[in-house]
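Sequence positions, counted from 1, serve as the residue numbers for this chain.
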Amino acid sequence: MDLRLQGKTAFISGSTAGIGWGIANALLAEEVQVILNGRSQDSIDTAIARLRDHHPEGRVTGVVADFGDADSVQRLIASLPSVDLLINNVGTYTSQALEDSSDEDWLWQFEVNVMSGVRLSRSVLPQLLSRGWGRIIFVSSECAGLVPSDLIAYSTTKAAMLALSRGLAQLTTGTGVTVNAVLPGSTMTEGAEQFMSDLAHRQGVSVESATAQFFSDVRTSSLLQRFASVEEIASAITYLCSPLAAATNGAAIRLEGGSMGGIL
């Protein structure tokens with residue numbers, strides 16, 4: 001399917017690995033010019049090299065920025081060229097019990113997960129509105145509704161992203177600009193692969209057995225009963241970026257394999 005994205009320019013925060021990298025890979029396949037983001041030039045260079053293995057003619061660059069540092073973000077915004085697609089993907093989390101979480105832990109996660117999207121959207125949205133077309137996507141999480149007990153702070157930030165996305169969408173009324181959020185569930189990123197490998201090692205079982213146990217004992221509400229692939233998440237996001245998705249605006253799209261049930 002031709003998604004009619006040729007010649008568009010996208011900026012993806014937090015995109016040197018995982019879902020962010022997968023989105024970049026999918027957009028390059030649609031002939032989108034992609035601007036990556038990471039916290040170091042080395043990580044960006046490695047990600048670009050991997051992408052060029054798949055898309056030798058693809059137009060891909062990168063910019064260093066730490067979204068935990070407001071000054072770093074402002075420098076990024078000042079240097080960012082005009083974009084058509086903004087994907088707010090960067091995120092961080094700390095797994096801990098509520099009583100062990102400090103104000104600093106909460107504020108750090110809010111700074112990276114929420115304020116990154118606030119600052120980027122505040123700059124990009126007026127440009128999109130002036131041109132009459134564009135897309136902003138927030139990558140939230142199933143945790144916005146599931147709220148694991150060791151991820152309360154993280155889940156709170158992911159729920160806040162839904163309100164932010166909806167609020168921005170309401171500013172686009174009657175235009176060709178849309179703002180949407182997606183809620184991925186358990187996804188087989190590099191981090192998830194390492195987590196399952198470590199879990200399998202501790203339990204003395206195969207990765208396949210550890211994965212099956214994760215869904216039978218932990219993520220019991222999943223209808224998919226497996227990790228989604230990065231490609232499955234990225235393909236849905238790429239569609240939402242396209243002109244074909246013009247009727248979808250202000251939505252929270254669940255990509256969590258049914259784990260949230262009737263939540264949200």
Query - Candidates Glu142, Glu256, Gln225 - the one meeting side chain to side chain donor-acceptor pair (under 3.5 Å) with Arg219 - result: Glu142
**Report entry** Close side-chain approach of Phe138 to Asn180, heavy-atom, < 4.5 Å
**Finding:** no
Requested in this report: Mark yes or no for whether Arg59, through its side chain, and Thr9, through its backbone, hold a donor-acceptor pair below 3.5 Å.
Outcome: no
Query raised in the report: Short question: side chain of Ser165, backbone of Met161 - any donor-acceptor pair under 3.5 Å?
Result: no
Query raised in the report: Do Thr178 and Thr248 touch side chain to side chain, with heavy atoms closer than 4.5 Å?
Result: no
Query - Donor-acceptor contact below 3.5 Å, side chain Ser101 vs main chain Leu98 - result: yes
Query raised in the report: Any donor-acceptor pair under 3.5 Å linking the side chain of Asp84 with the backbone of Gly134?
Result: no
Query raised in the report: Does the side chain of Ser82 pick up a donor-acceptor pair with the side chain of Arg131 at under 3.5 Å?
Result: yes
**Report entry** Check: Ala212 main-chain N/O paired with Ser216 side-chain donor or acceptor under 3.5 Å
**Finding:** yes
Requested in this report: Classify the side-chain pair Ser40/Ser43 by whether it contains a donor and acceptor separated by less than 3.5 Å.
Outcome: yes
Query raised in the report: Are Phe11 and Pro81 side-chain neighbours, meaning at least one heavy-atom pair lies under 4.5 Å?
Result: no
Report summary line: All heavy atoms of Ser155 vs all of Val147, minimum pair found to be OG-CA, 3.5 Å
Query raised in the report: Does any N or O in the side chain of Ser242 come within less than 3.5 Å of the main-chain N or O of Leu244, such that one atom is a donor and the other an acceptor?
Result: yes
Report task. Applying salt bridge (Lys or Arg N to Asp or Glu O under 4.0 Å), run through Glu31 and Arg4 and close with a yes or a no. Result -> CA-CA 9 Å; Glu31 299 181 28; Arg4 305 175 194 171; over 6 Å; no
Query raised in the report: Is a side-chain donor or acceptor of Ser229 paired with a backbone partner of Glu232 at a separation under 3.5 angstrom?
Result: yes
Requested in this report: Verify the distance criterion only: is there a donor paired with an acceptor across the side chains of Thr16 and Trp21 at less than 3.5 Å?
Outcome: no
Query raised in the report: Between Gln213 and Asp217, does any side-chain donor sit less than 3.5 Å from a side-chain acceptor?
Result: yes
